[in-house]
2 protein chains.
Amino acid sequence: MTSLSIAEAAEQTGLTAHTLRYYERDGLLLHSVERASSGHRRYTDDDLRWIQMVTRLRSTGMPIRDVRRYAALVREGDGNEAERLELLLAHREVVERQLAEVTSHLRAIDYKIALYEGKLAPTE
Amino acid sequence: MTSLSIAEAAEQTGLTAHTLRYYERDGLLLHSVERASSGHRRYTDDDLRWIQMVTRLRSTGMPIRDVRRYAALVREGDGNEAERLELLLAHREVVERQLAEVTSHLRAIDYKIALYEGKLAPTE
DNA sequence: GCTTGACTTGGAGTGCGCTCCAAGTCGGAG
DNA sequence: CTCCGACTTGGAGCGCACTCCAAGTCAAGC
């Protein structure tokens, strides 16, 4: 089991050290990250795996507040899987609606782009 | 040519009256909206069409600042189509990268969802 | 033993995109 | 003439998600 400094964890996860501390403070992680005798954080593989899940939720647009709720459910342990599932399904719906909206707006923008390209090609 | 009050324009565009004023102040519109003798804004069809384009750019994630740049180019009139095209193409790239990222993260979340569903179905 | 560099903390600051407030104006209904 | 409701303005405030700062600690190298 490797154990990484905050800088290494930042590199691995694509987050900044600032953000890693912020997530921990804000209750997005399952528990406080272990410390070396120096007091420096040491990230385990499990930590990184969870942070990856957090990153997935965040970069699909889930608000910090909801990630915290999800983390709290997982922290509680077995017995609330239905609730976790509900939360994920609700999020999934939001994301899909959003994807559809962005896609349709992008098509309209593509149409505009085609106009400009058509306008550019013939005229000198 | 119809001409709408700010409340009606808000309803039509899905924005709030606050946001419509804010966009105008911030230079996202092509020109100041016309006024009735009372001083109240009157939105024309052209205004609404442009606001729709702004909405498309915004809801695909283009920052206000870039929408303002695009509006400035259009305001300038003929001659900078290449620049407008460049801006739209750059935006398009960003959006597509983002769509791809969100989609792939969503797949990972779907996998998690499947786990929970599988866990729920068999056990009682 | 001193310096260096990577870390620690609480708390303040930032950027974005609205969102709202207070005070005022206007046109029309009663 | 008075009231109402829809609007006007400049400017303040807000929520979100970081992002940074100052001051301090620690381990290792010279």
Side-chain angles (χ1 to χ4, degrees), chain A residues 2-29 31-44 47 51 53-71 91 94-95 98 101-102 105, chain B residues 2-29 31-44 47 51 53-71 91 94-95 98 101-102 105:
Chain A
T2 47
S3 143
L4 306 180
S5 71
I6 194 165
E8 293 164 335
E11 164 136 46
Q12 281 280 322
T13 59
L15 302 173
T16 68
H18 287 308
T19 302
L20 285 172
R21 291 195 202 96
Y22 164 64
Y23 280 1
E24 187 177 346
R25 249 193 301 182
D26 243 47
L28 270 57
L29 305 192
H31 44 69
S32 304
V33 173
E34 293 295 307
R35 301 305 177 108
S37 63
S38 62
H40 292 191
R41 288 174 178 78
R42 289 294 167 249
Y43 291 83
T44 66
D47 290 332
I51 290 166
M53 181 65 188
V54 169
T55 299
R56 279 174 184 149
L57 296 174
R58 286 292 303 126
S59 57
T60 48
M62 183 184 284
I64 293 283
R65 162 177 17 99
D66 293 359
V67 177
R68 183 163 43 230
R69 278 218 308 132
Y70 184 68
H91 177 57
V94 171
V95 176
Q98 222 168 260
E101 196 200 327
V102 169
H105 281 145
Chain B
T2 46
S3 142
L4 306 180
S5 73
I6 195 166
E8 292 163 335
E11 163 136 48
Q12 282 280 322
T13 60
L15 302 172
T16 68
H18 286 309
T19 301
L20 285 171
R21 290 195 204 97
Y22 163 64
Y23 281 1
E24 187 176 343
R25 250 193 301 181
D26 243 47
L28 271 58
L29 305 193
H31 43 68
S32 305
V33 174
E34 293 294 307
R35 303 304 179 107
S37 63
S38 61
H40 292 191
R41 288 173 178 79
R42 288 294 167 250
Y43 291 83
T44 66
D47 290 333
I51 291 166
M53 180 65 187
V54 169
T55 299
R56 279 173 185 149
L57 296 174
R58 286 292 304 125
S59 57
T60 48
M62 182 183 285
I64 292 283
R65 161 178 18 98
D66 294 359
V67 178
R68 184 163 42 229
R69 277 218 310 131
Y70 184 68
H91 177 56
V94 172
V95 176
Q98 221 168 262
E101 195 200 328
V102 170
H105 281 146

Which whole-number value in Å describes the distance from [X] [atom1] to [N] [atom2]?
| X | N | atom1 | atom2 | value |
| --- | --- | --- | --- | --- |
| B/Leu15 | C/dG17 | CG | C1' | 12 Å |
| B/Ile51 | C/dC18 | CD1 | C1' | 16 Å |
| B/Leu20 | C/dC20 | CG | P | 14 Å |
| B/Leu4 | D/dC7 | CG | P | 11 Å |
| B/Ile6 | D/dT8 | CD1 | C1' | 9 Å |
| A/His40 | C/dG5 | NE2 | C1' | 9 Å |
| B/Arg68 | C/dC18 | CZ | P | 12 Å |
| B/Asp26 | C/dG15 | CG | C1' | 13 Å |

Discussion item. Heavy atoms only, 4.0 Å cut-off, all strands: where does B/Ala7 land among base, sugar-phosphate and nothing?
Written reply: sugar-phosphate
From [atom1] ([X]) to [atom2] ([Y]), nearest 0.5 Å:
| X | Y | atom1 | atom2 | answer |
| --- | --- | --- | --- | --- |
| B/Ser5 | B/Gln12 | OG | CD | 10.5 Å |
| A/Leu29 | A/Tyr43 | CG | OH | 7.0 Å |
| A/Leu20 | A/Thr13 | CG | OG1 | 4.5 Å |
| B/His18 | B/Ile6 | NE2 | CD1 | 9.0 Å |
| A/Leu15 | A/Ile51 | CG | CD1 | 7.0 Å |

Under 4.0 Å: is that the gap between some side-chain N or O of [X] and OP1 or OP2 of [N]?
| X | N | value |
| --- | --- | --- |
| A/Arg41 | C/dT8 | yes |
| A/Tyr23 | D/dC18 | yes |
| B/Arg65 | C/dC16 | yes |
| B/Arg35 | D/dT9 | yes |
| A/Arg25 | D/dT19 | no |

Practice prompt. Heavy atoms only: give me the nearest B/Ser3-B/Glu8 pair and the separation to one decimal.
Written response: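 Closest approach of B/Ser3 to B/Glu8, heavy atoms only: O-OE1, 4.4 Å.
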Worksheet, complete the sentence: Whichever of A/Ser38 and B/Glu8 has the more 5' nearest nucleotide on DNA chain D, that residue is B/Glu8
Worksheet item: If you find the nucleotide of DNA chain D closest to B/Arg21 and the one closest to A/Thr19, which residue's nucleotide is nearer the 5' end?
Response: B/Arg21
Fill in: Helical bend (five base pairs per end, nearest 10°) for the helix from C/dG1-D/dC30 to C/dG30-D/dC1
20°
Worksheet item: Hey, which of these two, B/Ser37 or B/Ile64, hits DNA chain C nearer its 5' end, going by closest nucleotide?
Response: B/Ile64
Worksheet item: Hey, which of these two, A/Arg42 or B/Arg58, hits DNA chain C nearer its 5' end, going by closest nucleotide?
Response: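 Comparing both residues, the 5'-ward one is A/Arg42.
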Discussion item. Quick check on B/Glu11: does its CD atom have over 12 non-hydrogen neighbours (other residues, nucleotides or ligands) under 6.0 Å away?
Written reply: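 At most 12 heavy atoms, drawn from other residues, nucleotides or ligands, come within 6.0 Å of this atom.
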Discussion item. Keeping A/Glu24 on the side-chain end and A/Val33 on the backbone end, is there a donor-acceptor pair under 3.5 Å?
Written reply: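 Judged by distance alone, yes, a pair lies under 3.5 Å.
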